[in-house]
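Remember, it's 1-based here, ligands and their atoms both numbered in the order they're listed. This is a predicted model, so every value here is computed, not measured.
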Amino acid sequence: MTTVKYLMDGGNLEDIKYCNEFFPLAGVTTNPTLVAKEKAEYWPLMHSIREIIGPDKMLHIQTVQTTTEKIIEEAELLRDKIGGNLYIKVPISEEGLKATMQLKKRGFGVTVTAIFTPAQALLAAMAGADFVAPYANRLDNIVVDGTKVVEDIMQQFKLYNLNCQVLAASFKNVEQVHKCALCGCSAVTISANLFKHIISHPMTDAAIAGFETDWKDLYGDKTILDF
Ligand code: G3P
């Protein structure tokens, strides 16, 4: 089994640059809400994201169409204009599933998104989706255990030997991300802010401060490079 992949969820270029520089980032995911938040011209924004992460990292871009024909048209335009390691995000629906099957025939990577139940995830996987994106925190908000749903989806795919990865999304805290990693989730997509929370810990800060003080007590401002 490969390790969990970390993607950044968002469209802010500074955040993407930051995450791409400091974390082992597997890619970026966007959706219409996150794109609209940037109040930017669409194509320059998408081009810039691709430029920052390069052609090899995954870029999951969501369609804004609702019919199969138009979803395919939009996917083809995205492939022409953005290209690279691209996944077309399609919200789960009847048209979405039909589009998934057609997109796979045309060689597209597909992520079926806005997943809230294992049953939806199963249908998406059977339609050929490469990834399904369950919304962990939005489930928690309606008192359904979001990370348990992620775990159930993983178990289901294992049970039926389905070659579909789970890209868990909609996180608000480190615990949710941790639980997904514990259940062997294939990938998580998280905000830049949550990346910062994952690595920071007051005990780590205290440990680092201790190293600095103890070193300086003996060697002053000298470093290993000075010896
Ligand atoms: O990738 C889906 C995600 O952006 C939804 O997150 O925070 O709007 O629930 P949120």
Colleague: Do Asp130 and Gln165 meet the criterion of a side-chain donor-acceptor pair at a distance under 3.5 Å?
Modeller: no
Colleague: Side chains of residues 22-32: which donor-acceptor partners sit under 3.5 Å, not counting sequence neighbours?
Modeller:
{"unit_1": "Thr29", "atom_1": "OG1", "unit_2": "Asp9", "atom_2": "OD1", "d": "2.7"}
{"unit_1": "Thr29", "atom_1": "OG1", "unit_2": "Thr189", "atom_2": "OG1", "d": "2.5"}
{"unit_1": "Thr30", "atom_1": "OG1", "unit_2": "His60", "atom_2": "O", "d": "3.3"}
{"unit_1": "Asn31", "atom_1": "OD1", "unit_2": "Thr33", "atom_2": "N", "d": "3.0"}
{"unit_1": "Asn31", "atom_1": "OD1", "unit_2": "Leu34", "atom_2": "N", "d": "2.8"}

Colleague: Output all residues satisfying salt bridge (Lys or Arg N to Asp or Glu O under 4.0 Å) with Lys17, sequence neighbours left out; order by chain, then residue number.
Modeller: Glu14
Colleague: With ring centroids as reference points, do Phe195 and Tyr18 lie under 6.0 angstrom apart?
Modeller: no
Colleague: Have Thr147 and Gln176 got a donor and an acceptor in their side chains that come within less than 3.5 Å?
Modeller: no
Colleague: Distance under 4.0 Å, heavy atoms only, partner ligand 1: which residues pass?
Modeller: Asp9, Asn31, Leu34, Lys89, Tyr135, Arg138, Ala169, Ser170, Lys172
Colleague: Excluding sequence neighbours, so at least two apart, what forms salt bridge (Lys or Arg N to Asp or Glu O under 4.0 Å) with Glu69?
Modeller: none
